[in-house]
Amino acid sequence: MSSTYYNYINGEWVSSNTNETYPSINPANKDVLGHFQNSNEADVEAAIQAAEKAFPNWANTAAPTRGDVLFKLIQLLEQQQEELATIITKEVGKSFREANGEVRKTIEAMKQFSGEATRMTGETIPSHDSGIFGYTIREPLGVVGVIAPYNFPLGIGIWKIAPAIIAGNTVIFKPASNTSLISIKIMELFEEAGVPPGVINMVTGPGGVIGNAIGNHEKIKAVSFTGSTSVGLALGKAVSERGAKMQAEMGGKNPSIVLEDADLDETVENLIISGFLDNGQRCTGTSRLIVLRSIAEELAKKLVARAEKLVIGNGFTEGVDNGPVIDEGQLKTYLHYVKSALDEGATLECGGEQLFTDGLDEGFFVAPTLFSNVTKDMTIFKDEIFGPVMAMTVVDTYEEALELANDSEFGLSSTIYTKDLKRAFHFIRNIESGVTHVNIPSNYFENQYPFGGKKASSIGPREQGSTTLDFWTDYKTVYIRP
């Protein structure tokens with residue numbers, strides 16, 4: 001029998017006002033991993049009151065002391081890496097190898113963020129009046145909201161919360177409903193790391209209820225969101241209209257251009273990583289493949305051969321590359337877009353089906369999928385699928401490839417594969433994406449660099465890197481005449 005878990009408010013585990021719960025399901029076998037609080041607006045209100053009460057003491061705690069929390073958190077993440085990866089594999093479905101990678105990335109992020117407490121700097125600026133000393137300081141905002149997705153529930157949850165509290169804010173955290181179990185662990189980790197009661201509060205429940213309550217509450221000064229573009233834009237409008245700050249990392253339809261001089265074998269390996277691993281459930285994953293005609297047929301053959309060698313199964317099985325997609329809804333989305341592509345005239349090169357053999361019928365397993373003969377008017381060229389599906393479009397020139405790459409409402413990540421340095425730099429200057437690469441998978445990132453997109457992929461300041469505290473602080477300008 002599965003356990004029941006609770007909201008975390010003011011340092012205590014409490015039931016919701018609804019007295020209702022929902023399950024989190026293992027997508028590999030549909031086992032129930034636990035029941036979680038199906039909360040409402042009253043629960044969000046209780047969390048905000050706790051955060052508001054905790055804010056003055058936390059904001060007045062010396063920033064380096066706040067930063068000590070992350071040094072302890074790093075140790076805890078390292079000590080509990082296997083347990084955390086196990087929960088991620090059970091709840092998200094990704095392979096244990098990829099789950100371990102998520103924990104390692106989270107540790108790297110905390111190593112980066114841990115020093116931010118001593119880098120929350122202002123500047124001294126000469127005044128026109130020699131008797132005035134002028135400078136700037138950075139101050140926390142107050143109570144803030146964090147809304148995290150399911151695809152990297154440990155990593156994204158923690159690397160949003162960490163800079164928020166280092167800056168001196170107090171947090172209302174709303175995890176994705178289908179990854180609530182790992183979010184319970186996040187609260188336990190921060191508590192053990194020494195975060196005082198009320199500084200971080202977690203409320204579980206439906207996004208339409210909890211997310212809206214966070215977005216519309218006048219006492220929440222900022223909201224950081226990662227998820228779909230439709231939800232992010234609606235939330236951003238609500239937050240901005242009441243004068244609060246909004247940061248959103250949303251959808252992507254990321255292009256990879258392959259030119260005639262690319263190393264095709266290396267390119268194929270990179271495309272497998274960026275387009276198919278983690279079942280394409282990465283916002284920076286490659287979903288549009290734009291290829292020069294002279295190499296298109298050879299590249300497609302190599303990519304199909306490599307894709308068909310990928311091992312699909314339970315994430316705990318030795319040698320598995322991909323587990324299941326996250327839930328039945330995502331399975332239906334995958335099948336919908338496969339049918340759409342076929343109906344609109346694309347050619348299925350491989351995959352395109354739910355997998356049932358060797359016990360896979362118990363979960364939501366799908367085949368890595370490549371379509372060719374895709375045109376810019378097809379739905380599969382335009383819509384984000386968030387699944388292991390790549391759409392290949394053939395062009396005659398680099399200029400046509402660049403134009404097609406930019407023909408999207410999204411602008412998150414991109415890649416070009418070429419040995420031509422001049423073309424590579426032209427691509428870098430002209431591609432409309434917030435992150436770009438040359439001869440590297442489109443989902444490659446490191447935490448010490450800023451992260452974010454253009455167009456409908458992002459709202460507000462960048463996350464991570466040197467910009468990590470920009471969103472979570474306000475500047476105050478000070479003039480002193482001694």
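Atoms considered below: every heavy atom in the structure, side chains included; atoms not considered: hydrogens, waters and symmetry mates. Quick caveat: nothing in here was measured; it's all calculated off a predicted structure.
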Pair Tyr444, Thr415: side-chain N/O donor-acceptor within cut-off below 3.5 Å:
no
Between the CD1 atom in Ile161 and the CE atom in Met202, the distance rounded to the nearest 0.5 Å is 9.5 Å
Asp343: which residues meet the side chain to side chain donor-acceptor pair (under 3.5 Å) condition with it, sequence neighbours left out?
Lys339
Is any side-chain heavy atom of Tyr6 closer than 4.5 Å to one of Thr4?
yes
With a cut-off of 6.0 Å (strictly less than), are more than 12 heavy atoms of other residues, nucleotides or ligands near CD of Glu82?
no
Take Trp159 and Phe113, measure what ring-ring contact (aromatic ring centres under 6.0 Å, His included) needs, and give me the verdict at the end.
CA-CA 8 Å; Trp159 70 51; Phe113 290 156; 7.8 Å; no
Within a strict 4.5 Å, meaning less than it, do heavy atoms of the Ile88 and Val103 side chains meet?
yes
Taking atom types as modelled, is there a side-chain donor on Ser442 or Thr284 under 3.5 Å from an acceptor on the other?
no
Sorted by chain and number, sequence neighbours left out, ring pair (Phe, Tyr, Trp, His ring centres under 6.0 Å) with Tyr5 holds for Phe36
Test item: Met250 and Glu384 side chains (from C-beta on) under 4.5 Å apart, heavy atoms:
no
Can you tell me how far apart CG (Asn38) and CG (Asn40) are? Round to the nearest 0.5 Å.
8.5 Å
Both conditions, 6.0 Å and 45 degrees, for the charged tip of Lys94 above the ring of Phe152: are they met here?
yes
Can you find a side-chain donor-acceptor pair between Tyr8 and Glu191 that sits under 3.5 Å?
yes
With sequence neighbours excluded, give me every side-chain hydrogen bond (donor to acceptor under 3.5 Å, both in side chains) pair touching residues 223-232.
Lys160-Ser224, Lys160-Thr226, Ser224-Gln247, Ser228-Ser230
Phe471: ring pair (Phe, Tyr, Trp, His ring centres under 6.0 Å) partners, not counting sequence neighbours:
none
Which heavy atom of Cys283 sits nearest a heavy atom of Leu412, and at what distance?
O-CD2, 3.2 Å
Please tell me if the side chains of Lys72 and Gln75 come closer than 4.5 Å, counting only heavy atoms from C-beta onward.
yes
Which heavy atom in Val389 sits nearest to a heavy atom in Phe276, and how many Å separate them?
N-CE2, 4.4 Å
Those residues at least two apart in sequence (or on a different chain) that pass side-chain contact (heavy atoms from CB on, under 4.5 Å) with Val311 are Val320, Asp321
Check whether more than 12 heavy atoms from other residues, nucleotides or ligands sit under 6.0 Å from atom CZ of Phe425, and answer yes or no.
no
Hydrogens and angles aside, do Thr468 and Glu463 bring a side-chain donor and acceptor to less than 3.5 Å of each other?
no
Mind checking side-chain contact (heavy atoms from CB on, under 4.5 Å) for Ala28 and listing every partner two or more places apart, or none if nothing turns up?
Asn26, Asn314, Pro324, Phe365
Quick one: side chains of residues 447-455, donor-acceptor pairs under 3.5 Å with protein atoms, not counting sequence neighbours, listed by atom name and distance.
unit_1 : atom_1 : unit_2 : atom_2 : d
Asn447 : ND2    : Gln464 : OE1    : 2.5
Gln448 : NE2    : Glu446 : OE1    : 2.7
Lys455 : NZ     : Asn406 : O      : 3.1
Lys455 : NZ     : Ser408 : O      : 2.8
Lys455 : NZ     : Glu432 : OE1    : 2.9

Quick check for you: to the nearest 0.5 Å, what is the distance between Asn279 atom CG and Asn322 atom CG?
4.0 Å
Does any donor atom in the side chain of Ser413 or Asn254 lie under 3.5 Å from an acceptor atom in the other side chain?
no
Point-to-point distance, once rounded to the nearest 0.5 Å, from CD1 of Ile172 to CD1 of Ile147:
11.0 Å
Got a sec, which residues hit ring pair (Phe, Tyr, Trp, His ring centres under 6.0 Å) with His336, two or more places apart in sequence or on another chain?
none
Backbone N/O of Ala85 and side chain of Thr89: donor-acceptor pair under 3.5 Å
yes
Just by distance, no angles: are the side chains of Gln37 and Asp43 close enough, under 3.5 Å, to form a donor-acceptor pair?
no
Interatomic spacing from CE in Met187 to OG1 in Thr204 - rounded to 0.5 Å
11.0 Å
Sorted by first residue and then second, give each salt bridge (charged side-chain N to carboxylate O under 4.0 Å, His left out) pair with at least one member in residues 257-276; sequence neighbours left out.
Glu260-Arg423, Asp265-Lys302, Glu269-Arg306
Approximate separation, where rounding is to 0.5 Å, of Asn151 CG and Glu102 CD
8.0 Å
Look at Glu108 together with Lys105 and state whether they make a salt bridge at an N to O cut-off of under 4.0 Å.
yes
Name all pairs fulfilling the salt bridge (charged side-chain N to carboxylate O under 4.0 Å, His left out) condition that reach into residues 350-372, sequence neighbours left out, sorted by first residue then second.
none
Going by atom types alone, do Ser457 and Glu249 pair a side-chain donor with an acceptor below 3.5 Å?
no
Holding to side chain to side chain donor-acceptor pair (under 3.5 Å), I want the full list of residues that pass it with Lys382, two or more places apart in sequence or in another chain.
none
Can you confirm if the NZ or CZ of Lys185 lies within 45° of the ring axis of Phe190 and under 6.0 Å from the centre of its six-membered ring?
no
Verdict with supporting geometry, Asp383 and Lys253, side chain to side chain contact (heavy atoms under 4.5 Å, CB included)
CA-CA 7 Å; Asp383 289 5; Lys253 193 68 180 173; 5.6 Å; no
Looking only at heavy atoms, what is the nearest atom pair of Ser177 and Gly205, with distance?
OG-O, 3.1 Å
Would you say that more than 12 heavy atoms from the other residues, nucleotides or ligands in this model lie under 6.0 Å from the NZ of Lys90, or not?
no
Under the rule for side-chain contact (heavy atoms from CB on, under 4.5 Å), what residues qualify as partners of Lys332, not counting sequence neighbours?
Glu328
I need the single residue from Val146, Asn201, Val195 that forms a side chain to side chain contact (heavy atoms under 4.5 Å, CB included) with Val171. Which is it?
Val146
